[in-house]
Amino acid sequence: MAQEVRGKGRFHREGGRHRFTARRGRVVSVTRVAPVMLRVRLEGADFADFVSEGPSDHARVYFPDPDTGEYNHPEPAGPGEDGIVRPEGPAYARDFTPLHIVRDADDVSLELDVFLHPSPGPASRWAGQAKPGDELVVVGPRGSRAAPQGASRLLVLADETALPAAARFAREVPAATAVDVVAVTGDDGGWVAEYLADAAGRSDIRVHHVDGPAEGDALVKALAGVDPIDEGTFVFAAGEASALLPLRRHLRGTLGLPHEQVAISGYWRRGVVAFDHHTPVDPDDPD
């Protein structure tokens, strides 16, 4: 796969493009890995060439209509081809972090962690009833950007929807990189440290809890509870988009951190259905 270099110095992140297609998977297990998180494991021949090489990767997962059960989803453009044929009629899809890709001889499976929202949409409703044998179609990811390999410290601010990405960041930076995770949850967060240790495969993650939902400058204030951000700290933040805006302006404006030192992504926005995570968190400064 051809590689392109993005970033520089200690925050160097390699990136590349992947075959973009629709892959059909069959559920082989559904495991409750936290009070509000289910891990769904999919397998199928279509995943043989599935690639995800970055912690902020997204795969678009298509779900049946939660009311009628009708299932509209894309199809591959053709065997081995790049591209998809989009479905006719309404389709229900959400973006997820590919948490684990498990390769065992000729068998390949994909694990996704699904947050059980208090007000469940198509994904949460499906996951709460999922059972082995159920099928889903997964599209993407189109490409990857690797975790920075030269940072001395990783600081992640994440709500429940972004904790799988937080786990991947922690797993994919070097073992010598210190990791702080500021977790925003709607409960006491007592499960977060164990969840991250399991999902990331490391037990040295320092977890700091913030009572959710994060609103206003709550995330900026949360920085007072962790070590100051220095020139060796890479910051990743994801979750509810409007809550990330004051944080982004603080990091980029007040602290003056360069863009290669910060990655912020709005995974959802309160009151918006199927929010596009590509939408800039700060429309006045989309860089």
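Remember, predicted model here, so these are calculated numbers, not experimental data. The residues of the chain are indexed from 1 along the displayed sequence.
In summary, Asp46 and Arg24 do not engage in a salt bridge, as defined by a charged side-chain N under 4.0 Å from a carboxylate O. Ionic pairing of Arg153 and Asp230 is not present here: no N-O contact between side-chain nitrogen and carboxylate oxygen is shorter than 4.0 angstrom.
Taking every heavy atom of both residues into account, Val262 and Phe234 meet most closely at N-CE1, 4.2 Å. Closest approach of Pro76 to Ala22, counting heavy atoms only: CG-O, 3.3 Å. Of all the heavy atoms in Leu244 and Ala237, the pair that sits closest is CD2-CB, 4.0 Å. In terms of heavy atoms, Leu154 sits closest to Ala170 at CD2-N, 3.9 Å. Nearest heavy-atom pair, Val182 versus Ala222, reported as atom, atom and distance to 0.1 Å: CG1-CB, 4.0 Å. In plain terms, the two heavy atoms of Gly140 and Arg23 that are nearest each other are O-NH1, 3.7 Å.
Under 3.5 Å, the side chains of Glu240 and Ser242 contain a donor-acceptor pair of N or O atoms. In this model, no donor atom of one side chain and acceptor atom of the other lie less than 3.5 Å apart for Asp134 and Trp126.
By the side chain to side chain donor-acceptor pair (under 3.5 Å) test, Arg39 pairs with Asp113, Asp198, sequence neighbours left out. Annotation: ring pair (Phe, Tyr, Trp, His ring centres under 6.0 Å) contacts of Phe20 (sequence neighbours excluded): none. Qualifying ring pair (Phe, Tyr, Trp, His ring centres under 6.0 Å) partners for Phe47, counting only residues two or more places apart in sequence or in other chains: Phe50. Take His208 and apply the ring pair (Phe, Tyr, Trp, His ring centres under 6.0 Å) test, not counting sequence neighbours, and it matches no residue. Remark: Asp204 engages Arg202 in a salt bridge (Lys or Arg N to Asp or Glu O under 4.0 Å) (not counting sequence neighbours). For Arg171, the side chain to side chain donor-acceptor pair (under 3.5 Å) partners two or more places apart in sequence, or in a different chain, are His100.
Under a cut-off of 6.0 angstrom, the local environment of CD in Glu215 is crowded, with over 12 non-hydrogen atoms contributed by other residues, nucleotides or ligands. Arg86 CZ: 12 or fewer foreign heavy atoms inside a 6.0 Å radius.
Pro90 places a side-chain heavy atom less than 4.5 Å from the side chain of Asn72. In this structure, the side chains of Val36 and Trp191 come closer than 4.5 Å at one or more pairs of heavy atoms. At least one side-chain heavy atom of Pro148 sits less than 4.5 Å from a side-chain heavy atom of Arg13. Within the 4.5 Å cutoff, the side chain of Thr161 has heavy atoms near those of the His117 side chain. In this structure, the side chains of Leu155 and Asp227 stay at 4.5 Å or more apart for every pair of heavy atoms.
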Step-by-step side-chain hydrogen bond (donor to acceptor under 3.5 Å, both in side chains) determination, Tyr267 to Asp95: CA-CA 8 Å; Tyr267 280 7; Asp95 291 328; over 6 Å; no
Decide side-chain contact (heavy atoms from CB on, under 4.5 Å) for Leu99 and Arg168; before the verdict, give the C-alpha distance in whole Å, the side-chain angles of both, and the deciding distance to 0.1 Å. CA-CA 7 Å; Leu99 182 63; Arg168 279 203 61 175; 4.2 Å; yes
Hey, mind stepping through Val28 and Leu42 against side-chain contact (heavy atoms from CB on, under 4.5 Å) and telling me if it holds? CA-CA 6 Å; Val28 293; Leu42 303 169; over 6 Å; no
After noting the C-alpha distance and the side-chain angles of Leu255 and His250, does the key distance pass the side-chain contact (heavy atoms from CB on, under 4.5 Å) rule? CA-CA 6 Å; Leu255 299 185; His250 176 74; 3.8 Å; yes
side-chain contact (heavy atoms from CB on, under 4.5 Å), that's the test. Do Trp268 and Asp159 meet it? Break it down for me. CA-CA 11 Å; Trp268 61 286; Asp159 67 9; 2.9 Å; yes
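Thr185 contributes atom OG1, which lies 7.0 Å from atom CG of Asp211 (distance to the nearest 0.5 angstrom). Annotation: the span from Arg26 atom CZ to Ser109 atom OG amounts to 10.5 Å, rounded to 0.5 Å. We find the CD1-CD distance between Ile101 and Glu53 to be 8.5 Å, quoted to the nearest 0.5 Å. One finds the CG atom of Asp57 at 13.0 Å from the CZ atom of Arg142 (value rounded to the nearest 0.5 Å). Summarising the geometry, atom CD belonging to Glu160 is positioned 6.5 Å from atom CG belonging to Asp187; distances are rounded to the nearest 0.5 Å. With rounding to the nearest 0.5 Å, the separation of CG in Leu251 from CD1 in Ile229 is 5.0 Å.
Note on Phe96: it does not cluster hydrophobically with Met37, by side-chain heavy-atom contacts below 4.5 Å among ILVMFWY residues. Residues Val210 and Leu157 share a single hydrophobic cluster, defined by chaining ILVMFWY side chains whose heavy atoms lie under 4.5 Å apart. Hydrophobic clustering (ILVMFWY, side-chain heavy atoms < 4.5 Å, transitive): Val27 and Tyr92 are in distinct clusters. Cluster membership check: Phe115 does not share its hydrophobic cluster with Leu110, using side-chain heavy-atom separations under 4.5 Å among Ile, Leu, Val, Met, Phe, Trp and Tyr. Leu163 and Val40 fall into different hydrophobic clusters, defined by Ile, Leu, Val, Met, Phe, Trp and Tyr side-chain heavy atoms under 4.5 Å apart, directly or through other members.
Formation of a donor-acceptor pair under 3.5 Å by the Arg125 side chain with backbone atoms of Pro66 is found in this model. Ser52 places no side-chain N or O within donor-acceptor distance of the main-chain N or O of Pro98, the cut-off being under 3.5 Å. Under the 3.5 Å distance criterion, the side-chain polar atoms of Arg41 are left unmatched by any main-chain donor or acceptor of Ser29. With hydrogens and angles ignored, the 3.5 Å screen pairs a side-chain donor or acceptor of Arg19 with a backbone N or O of Glu81. A side-chain donor-acceptor contact under 3.5 Å links Tyr71 to the backbone of Tyr62. The closest donor-acceptor contact from the side chain of Asp65 to the backbone of Thr68 lies under 3.5 Å. Between the side chain of Glu194 and the backbone N or O of Val192, no donor-acceptor pair lies under 3.5 Å. Remark: the backbone N or O of Glu172 is paired with a side-chain donor or acceptor of Gln149 at under 3.5 angstrom. Using a distance-only test at 3.5 Å, with no hydrogens or angles considered, no donor-acceptor pair links the side chain of Thr31 to the main chain of Val33. The closest donor-acceptor contact from the side chain of Arg32 to the backbone of Pro35 lies under 3.5 Å.
Exactly one residue among His18, Arg17, Glu14 makes a side-chain hydrogen bond (donor to acceptor under 3.5 Å, both in side chains) with Ser144. That residue is His18.
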